[in-house]
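Working notes for the structure below.
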Amino acid sequence: MADYTIKVRRFQPESGEGPYWEEFNVELEPSLSVLDGLLQAKDRDDGSLAVRCSCRAAICGSCGMKINGQSGLGCKTQIGEAQERADKVAAAVGGDSAGNVITIEPMGNMPVVKDLVTDMESTHWTKIRRVTPWLLPHGEPPEREYIVEPESMIDITQSMACIQCGACVSSCLSMEADPDFIGPAALAKAYRFVGDPRDGETVERLHDLAEDPHGIYDCTHCFSCVDACPKDVAPMNQIMRLRRKAGEEGIEDPNSGHNHEIAFVKIIEKKGTLDESALLQESFAPGIKGKLKPSKRAIKEMLGSLPTAIRGIKTGKMRSLPKLIPGVHHKLPDGAQDEVKAIYKRAEESNIEFNLYIKGEEDVEPEPDEEKVEEL
Amino acid sequence: MSAEKIKVAYWPGCVSRGFTPELHGSMALVAEKLGIELVTLDRANCCGAGVIAEHNQELADTLNARTFALAQQTGLSMMNICSTCQGAQSECQQRLDADSAYRAHINEVLSGQGLSYEKGKDGFTNKNFLWLLVEDYGLDRLAEQVKRPLSGLKVGPFYGCYIVRPKERLGYEEFPDRDVYLEKVIEVLGGEIVEYDGARKCCGFPVITMNRETSLRQAGTHVGDAIDAGADCLVTPCPLCHLNLDMQQPEAAKVVNRELGLAVLHLPQLVGLALGAEPKQLGMSKHIASTGWVEERLASVAA
């Protein structure tokens with residue numbers, strides 16, 4: 001048994017008051033969960049403390065919350081680990097190295113109903129429905145069930161593992177800046193149908209997700225959802241796969257996301273390292289010399305980046321010609337660029353996606369002193 | 001602490017030789033002062049920044065395997081100075097290390113170039129300068145080198161996503177404190193740590209061309225939060241974060257509709273100041289957000 005202090009961000013709408021912090025002292029084994037701690041506080045100190053939970057085994061997805069600022073499930077986070085985390089961060093900024101409070105907040109990016117209970121409907125479920133989360137098969141339905149080869153479904157098992165807890169939505173840093181972003185949970189769900197061999201509208205789905213200005217190209221690639229997900233769905237990876245598939249279809253998007261990707265890839269093939277000036281130009285107006293009419297957005301974006309460029313020239317950041325004029329950029333030394341080109345040639349032909357979630361780590365001889373860590 | 005000489009295969013990345021030339025320069029200067037020998041991988045290529053992997057995963061994996069193989073040819077561990085390189089390269093390394101058949105497939109094209117990436121018994125080591133500084137150089141040894149403590153300078157850490165997430169890929173099991181190293185370094189250099197909301201959040205740079213407003217709102221919010229928390233400057237181990245936090249700062253100010261104006265230092269610059277280097281030597285005049293205030297603060301402390 002150990003003593004812990006949990007500091008909970010509370011809110012009761014009927015009180016007319018704003019949210020406030022309240023500390024509870026709890027006593028439990030370090031291997032028990034943060035949720036167990038909350039339930040003990042509710043049982044012993046204040047029955048009105050609101051928290052949603054059911055299975056207590058990371059299956060139902062009800063107890064999403066922020067623990068020490070990190071989104072996850074209350075039942076899957078051991079209170080001893082949460083204490084270590086709180087102590088580590090406090091010690092790093094000059095505080096005590098033990099006995100710090102564990103902070104617990106409701107999930108982010110969604111309204112709070114009461115205490116730790118958030119409104120999943122207004123953001124999470126609305127966004128899930130946004131991606132048409134059901135099969136749209138073409139042709140005559142079979143007499144009985146659809147029959148598919150098991151192998152053809154493996155690709156989407158990762159996105160199918162989602163338990164709809166909302167932890168990824170809570171952690172999403174893009175959504176924090178742009179609430180219209182479709183977001184990690186819904187886009188992972190979208191991949192689940194894009195990758196389903198029974199679905200007949202894959203291309204339409206990709207158009208829909210790429211052409212929405214708050215769709216797949218609005219993800220800022222921060223990995224927050226990857227760390228938050230209790231089920232290893234890695235929503236960001238699914239978003240990147242959606243981008244890859246949309247790119248393969250050659251879908252043009254209003255965010256110039258596809259142009260940016262192609263421009264980046266081509267610059268490295270040609271020059272080996274990134275030429276930022278060329279990337280800016282090519283992202284907005286690919287092949288501008290041969291293109292009579294760059295889009296309105298391209299012109300707007302290029303003009304919009306002018307003040308930044310002028311400031312850069314003033315401080316000397318972009319003084320030298322190679323940094324100012326796209327196309328004049330340092331080259332890799334003798335023969336190295338040819339090596340890069342050979343890699344491109346081979347990879348474009350082969351184009352393997354090595355999926356660690358499915359393949360797993362190769363079996364290696366276990367070290368004799370290696371302890372098997374128990375996981376929930 | 002033994003003054004063991006550190007020698008590394010050095011990957012400077014693209015941006016440190018592009019829009020943030022002051023980073024490459026200050027790293028070279030600081031390495032010299034610390035006695036770290038840098039063997040530059042001048043034949044190496046861009047890490048792909050996650051964008052190439054988004055296009056073709058095998059391409060990204062092979063390009064980075066080539067860089068690792070070039071580093072392995074030197075017989076040294078590798079060091080980078082960019083959180084984004086760290087993240088993109090670690091992602092590829094994880095796949096390459098997971099499966100010998102996949103590695104052999106990737107090595108087929110490299111062998112034609114006299115190169116091969118080997119996992120090796122203890123694995124291949126590629127560390128950001130921040131990790132190397134704390135884990136290999138050592139904070140005690142760094143403390144001994146401080147000539148001008150950053151007394152009274154309030155510094156907000158800004159990590160960059162790719163060096164803090166995902167934890168299971170970035171060695172946090174072995175080095176659980178990697179997400180508080182900046183705080184440790186600031187403290188050893190004599191500075192004051194500023195706590196604010198954005199330290200481990202996203203600078204927004206990856207979507208600057210795709211969704212400018214979202215991108216600049218992120219940068220502007222974090223800079224604003226740091227100012228409100230009393231920061232004199234931010235410090236970052238990621239040049240891409242620097243682009244959004246510093247180069248785009250005047251534009252970010254327009255989006256968040258407030259005055260900003262906060263100096264943003266590259267990690268080697270902050271270390272360099274404490275080692276007694278002059279701001280001009282560290283390329284600080286190339287920044288967009290003025291570093292004048294930082295210089296004034298430090299001028300009051302004798303070097």
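These numbers come from a predicted model, not from an experiment. Letters A, B, ... mirror the listed sequences (proteins, then strands); counts begin at 1.
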Go through the steps to decide whether B/Arg217 and A/Glu176 satisfy the test side chain to side chain contact (heavy atoms under 4.5 Å, CB included), and finish with yes or no. CA-CA 10 Å; B/Arg217 176 162 298 124; A/Glu176 207 174 271; over 6 Å; no

Measure B/His105 against the heavy atoms of chain A and call it side chain, backbone, both or neither at under 4.5 Å. both

Atom of A/Ile352, atom of B/Gln57 and distance for their closest heavy-atom approach: O-CB, 4.0 Å

Go through B/Glu183 and A/Val89 one step at a time and tell me if the side chain to side chain contact (heavy atoms under 4.5 Å, CB included) criterion holds. CA-CA 9 Å; B/Glu183 281 86 344; A/Val89 173; over 6 Å; no

First locate atom OH of A/Tyr344, then atom CD of B/Glu58, and finally report the distance between them rounded to the nearest 0.5 Å. 13.0 Å

To the closest 0.5 Å, what do you measure between CE (A/Met175) and OG1 (B/Thr214)? 11.5 Å

I'd like to know if the side chain of B/Glu251 and the backbone of A/Thr308 have a donor-acceptor N/O pair within less than 3.5 Å. no

With only heavy atoms counted, which part of B/Ile186 is less than 4.5 Å from chain A, the side chain, the backbone, both or neither? neither

Between B/Tyr162 and A/His221, is the ring centroid distance below 6.0 Å? yes

Below 4.5 Å from any heavy atom of chain B, which atoms of A/Gln70 appear? Answer side chain, backbone, both or neither. side chain

Are a donor atom and an acceptor atom from the side chains of A/Asp218 and B/Asn211 found within less than 3.5 Å of each other? yes

Has the side chain of B/Arg212 got a donor or acceptor atom that lies under 3.5 Å from a matching backbone atom of A/Gly304? yes

Would you confirm whether A/Arg244, through its side chain, and B/Ala53, through its main-chain N or O, come within 3.5 Å as a donor-acceptor pair? yes

For the pair A/Lys88 (side chain) and B/Val180 (backbone), establish whether a donor and an acceptor sit closer than 3.5 Å, ignoring hydrogens and angles. no

Which bit of B/Glu195 comes within less than 4.5 Å of chain A, counting heavy atoms only: side chain, backbone, both or neither? side chain

So for B/Ser215, is it side chain, backbone, both, or neither that comes closer than 4.5 Å to the heavy atoms of chain A? neither

Is it the backbone or the side chain of A/Asp253 that comes under 4.5 Å from a heavy atom of chain B, or both, or neither? neither

Give, as side chain, backbone, both or neither, the part of B/Val194 having an atom under 4.5 angstrom from any heavy atom of chain A. neither

Side-chain ion pair, B/Arg43 and A/Glu339, N-O less than 4.0 Å: yes

Nearest 0.5 Å please: distance from the CG atom of A/Asp275 over to the SG atom of B/Cys46. 11.5 Å

Does the B/Arg165 side chain pair with the main chain of A/Cys222, one donor and one acceptor, at a distance under 3.5 Å? yes

Give me the atom names and distance for the closest heavy-atom approach of B/Val207 to A/Tyr217. CG1-O, 3.8 Å

d(B/Leu170 CG, A/Asp227 CG) to nearest 0.5 Å is 8.5 Å

Hey, what do you get for NZ (A/Lys345) to CG (B/Leu59), rounding to the nearest 0.5 Å? 14.0 Å

Select one option (side chain, backbone, both, neither) describing which atoms of B/Glu22 are under 4.5 Å from chain A's heavy atoms. side chain

Contact class of B/Ala44 relative to chain A, heavy atoms under 4.5 angstrom: backbone

What part of B/Thr62 gets within 4.5 angstrom of chain A, counting heavy atoms only: side chain, backbone, both, or neither? both

Contacting moiety of A/Val226, where chain B heavy atoms sit under 4.5 Å: side chain

Can you tell which part of B/Ala60 gets under 4.5 Å to a heavy atom of chain A, answering side chain, backbone, both or neither? neither

At a heavy-atom distance under 4.5 Å, which candidate from B/Ser100, B/Gly112, B/Gly283, B/Gly160 has the highest pair count against chain A? B/Ser100

Between CD of A/Glu276 and CE of B/Met247, what distance do you get to the nearest 0.5 Å? 7.5 Å

Quick one: do A/Phe354 and B/Asp99 satisfy side chain to side chain contact (heavy atoms under 4.5 Å, CB included)? Show the steps, please. CA-CA 9 Å; A/Phe354 182 84; B/Asp99 193 276; 3.4 Å; yes

